[in-house]
Structures are given as C-alpha cells and as structure tokens.
Amino acid sequence: MPTFSKRVSTFGTTIFSEINNLAAQYGAVNLGQGRPDFDTPNDVIQASVKALTDGQHNQYPPGNGTAELRKGVADHANRFYNLDIDPDRGVLATSGGTEAVFSSILGLVDPGDEVIVIEPYFDSYVPNLIMAGAIPVYVPLHPPEWTLDPDELRKAFTPKTRAILWNSPQNPTGRVFTVEEMTLVADLCKEHDVIVIADEVYEHLVFEPAQHVPMATLPGMFERTVTINSLGKSYSATGWKLGWVYGHPDLVAGAMRAHQFVTFAVHHPSQIAAGYALHLPGSYYEEFQAMYTVKRDLMMEALTGAGIKAKVPEGTYFVLGDFSDVFDGDDMAFTQHLIKNIGVACIPPSPFYCAEHRYIAGKLARFAFCKSDDTLREAGERMKKLKQ
Ligand SMILES: Cc1ncc(COP(=O)(O)O)c(C=O)c1O
C-alpha cells in the first residue's frame, strides 16, 4: 500500500527542520532559520493577553479575519503606500504568510497553468504550485548583484503563464528590487495578462538607501496583484503564524474561496493584537530598522572576518555568502562543516533552486541575522576559525 499521495511523494523534510536538528545536536549558534531569538514587543504581547482574557475573542472569528485586523491592514497600506484597500472585501487573514501564498495559488491558479518563480525562492512556493497542479517556470537571479536577466525573464512568459511569484525584499538574497526592475516585471505582466502574487513579508526590513515599493502601487498593477504579508516579520512574532492577503477584492475573493476550506479562520486573539500592532507609530518602524541595521553590520563583520564574500543586503534579515575562498566543497558539505567543526549553523541554498539551476548555489550559504547582537558576535568569533 503506498503511504504517500503522488502529490507529496517528491517532498523531503524541509531544510529548516534538518538544520535545526543538526544545530541542536552540535550546540551550534543557529543562524539558520529566520527565527528571532528576541521577543515580540511587549505592548503587542499585552494586546494579545488582553484579547485572550477579556472573554470575547476565544471563539471562531469571521473566516476572512476580524474587523480589527482587516482595518489594521487597510490603514497600514494607506499610511505607508497610499493604497486604497477595502477592509471588508480586500483583506483576508491567513495562517501566516505561508498560507496566504498557498490560498492565493489555490484560489487564482488552475492546474496546468504556468507560474514564474524567481530563484532562489522561498521554500514553500514550488511545493505549493505542485500541490495546485501548476507548472513552475524558473528564472534565476544572477550573482553577485542578484539581478534578473531581462531576456530570460521575457522568455519565461508564454500564453500559458497565469502568475508570477514575486518576492521583494527578497529572501534569501537580501535584494530590494528597484522601480526599474519592477517596471520590467509589471510591463510583462500587463502585456501577457498575468497576475502577481507579491510576497512582501519583509516590507519593513529595508536598509537605507533602499526603498520598498509594493508591486500593487505600480501603474496598472493594483487590479492584477495580491499582496502577501505576515505579522511574524515586522513584529518579531514568527510563532504566531498570522498573515494576510490584501488587494483588489476580485482577486482576494479567489484566495478567500480556497482559504475557507483550508483553515476556514485563523487564531482570533492574535488578530486583535495584530490590529493594535498595525497601528503602531512611525517611530516603532524607525527603531526596528535601526536595530536591524546594527545586526546587519555585525553579520557582515562576522562574514568578512571569516573570509566569506557577500553583497551587503538591502533588505530582509538574510545574507547570502560565498565561501569559495575558505572551503572546497558544495553548499551542503559547507553547512555540515560549519555546524560540526565551527559551531555555527547556516542554510544551504540549493533546495531553493530547480535541478537545472542548482549549480548557482554551489558555493553559497544563507545566514540569518535576526539574532541578538551577542549571538552575532559569538558567531563571528567562531567563524574566524574558517580562515585558519
Ligand atoms: C519570503 C517569505 N514568505 C513567506 C514566509 C512565511 O511567513 P509566515 O512565517 O508568516 O508563514 C517567509 C518566512 O520566512 C518568507 O521568508
């Protein structure tokens, strides 16, 4: 008797679980998963505690999300991007950004449709497409600057293309794409009548002078873009697994149709706290960015001290380092070496590529710097041994 469906038979264990287990086994400083080792802001936690204890938020919320969350998302999009979002029909609360992407794919993409995936990609995208019966079409970013080749991108658009999975600020390259780069994508989407699933979970993790521009704000793109977001990243609450989709009501309706039969609704008290968090003042985001700028610089210092070359990230809390000057082997072997012999965990990026393009990841490792400054300094100390 086959134990797995054909749909999931090619899926292994995610690289994040594998690395977490290995890091724990060897006592490594874990710069693998993008999991902050510091807490959620206390006032956001208190908003959640209040929602848990006020006797009003422990039963099913509305399937599309609480009024507080939906208003929070609409107000936030208006405040930062001047977008006009309908809080009733243009927002959907989901179980993290992960479900937001999956429900959008299930609700907007048909079996046999082609969907363009930019590599290296966030790990759930391709399994999501496979489960939806869609066909991924891969377009790699080119190191060391992690840019798109316009001809490669253009060739990826065919009469069968339904959507592109767009991620900016981009995990794992740390790119924040420029308006010029995004305009090329947008123009091709308009020319070929393609929708954009724009994963912008790192919208507030941007380092000056880079600027995050939502795909939905480009001319003619609002009506063909759903935007994905997550409480986890901007408010250091990855464990809450609360996310959302926002955009044109006709597109959000597709994601909603899928969502109602995936989870129906998501954690009620967290949505009340999210309504609070989304209204935090501008100073919160300024301090958040300043805190992460220090962490990014500590991370870059650690990599330089270890002989690892990297483009300084423009956004996100990830950096992709090139270890070819200090280790002779592929990304999988390097990760094992770093965890077992040096005591630092990172993520090998080859699982974020199709087989044809996997060679690009050969000498690269992803490091997460959403860690305390002391943790980053300790990682830097340990990694100096790489050069010896
Ligand atoms: C690009 C990207 N999209 C989506 C997610 C998932 O977000 P969540 O943890 O809210 O499901 C992540 C998490 O790391 C991510 O990096």
Side-chain angles (χ1 to χ4, degrees), residues 14-17 19-20 30-37 40 44 65 69 72-73 76 91-106 115-129 136 141 146 163-177 196-206 212 214-215 225-246 255 258-259 262-263 266-267 270-271 273-274 277-278 292 313-320 346-347 349 351-353 366-371:
T14 85
I15 191 70
F16 303 111
S17 309
I19 296 296
N20 282 341
N30 194 346
L31 306 186
Q33 196 177 16
R35 180 183 193 276
D37 67 355
T40 312
V44 177
L69 176 130
V73 170
H76 180 279
V91 184
L92 167 67
T94 57
S95 180
T98 309
E99 195 237 330
V101 172
F102 192 38
S103 286
S104 298
I105 291 171
L106 286 176
V115 176
I116 296 172
V117 177
I118 310 293
E119 294 172 306
Y121 55 81
F122 179 60
D123 75 328
S124 68
Y125 292 173
V126 169
N128 281 183
L129 293 174
L141 292 168
W146 300 109
I164 177 167
L165 273 160
W166 179 249
N167 175 214
S168 184
Q170 214 255 5
N171 171 9
T173 61
R175 278 301 317 278
V176 177
F177 292 99
V196 183
I197 299 173
D199 180 342
E200 300 180 359
V201 298
Y202 298 104
E203 64 178 342
H204 288 298
L205 269 155
V206 176
H212 169 59
M215 185 58 94
T225 302
V226 283
T227 303
I228 305 301
N229 225 308
S230 164
L231 192 81
K233 313 298 176 182
S234 300
Y235 308 98
S236 312
T238 58
W240 293 21
K241 288 301 293 185
L242 181 63
W244 50 87
V245 180
Y246 75 76
H259 163 82
V262 175
T263 58
V266 298
H267 194 257
S270 304
Q271 295 190 50
L278 285 156
Y292 267 109
E314 296 155 344
T316 78
Y317 45 54
F318 301 110
V319 55
L320 263 189
C346 62
I347 297 286
F352 311 147
Y353 283 91
R366 190 194 79 170
F367 296 85
F369 52 90
C370 46
K371 310 293 170 179

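For ligands, and for the atoms within them, numbers begin at 1 and follow the listed sequence. Note that the structure is a prediction, hence the values are computed from the model and not measured.
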Exercise. To the nearest 0.5 Å, what is the distance between CG (Leu165) and CG (Leu129)?
Worked result: 5.5 Å
Hey, is ligand 1 close enough to [X] that some N/O pair sits below 3.5 Å?
X	answer
Ser95	no
Asn167	no
Gly97	yes
Tyr125	no
Lys241	yes

Problem set entry | Region of Gln170 engaging ligand 1 - heavy atom pairs below 4.0 Å | neither
Exercise. What part of Thr98, side chain, backbone, both or neither, has a heavy atom within less than 4.0 angstrom of ligand 1?
Worked result: both
Problem set entry | Distance filter under 4.0 Å to Tyr202 heavy atoms, resulting ligand 1 atoms | 1 (C), 13 (C), 14 (O), 15 (C), 16 (O)
For this session: Quick one: sort the Phe177 and Trp166 rings into parallel, tilted or perpendicular, breaks at 30° and 60°.
Result: tilted
For this session: Go through the side-chain N and O atoms of Arg35 and Asn30 and say whether any donor and acceptor fall under 3.5 Å apart.
Result: no
Seminar exercise, completed: If you compare Trp240, Tyr317, Phe122 by their heavy atoms, the one closest to atom 15 (C) of ligand 1 turns out to be Phe122
For this session: Say whether Glu99 and ligand 1 are in contact under the criterion: heavy-atom distance to a ligand atom below 4.0 Å.
Result: no
Problem set entry | Contact with ligand 1 for Val201, non-hydrogen, under 4.0 angstrom | yes
For this session: Please lay out, stage by stage, how Lys241 and Thr98 fare under the test side chain to side chain donor-acceptor pair (under 3.5 Å).
Result: CA-CA 8 Å; Lys241 288 301 293 185; Thr98 309; 3.2 Å; yes
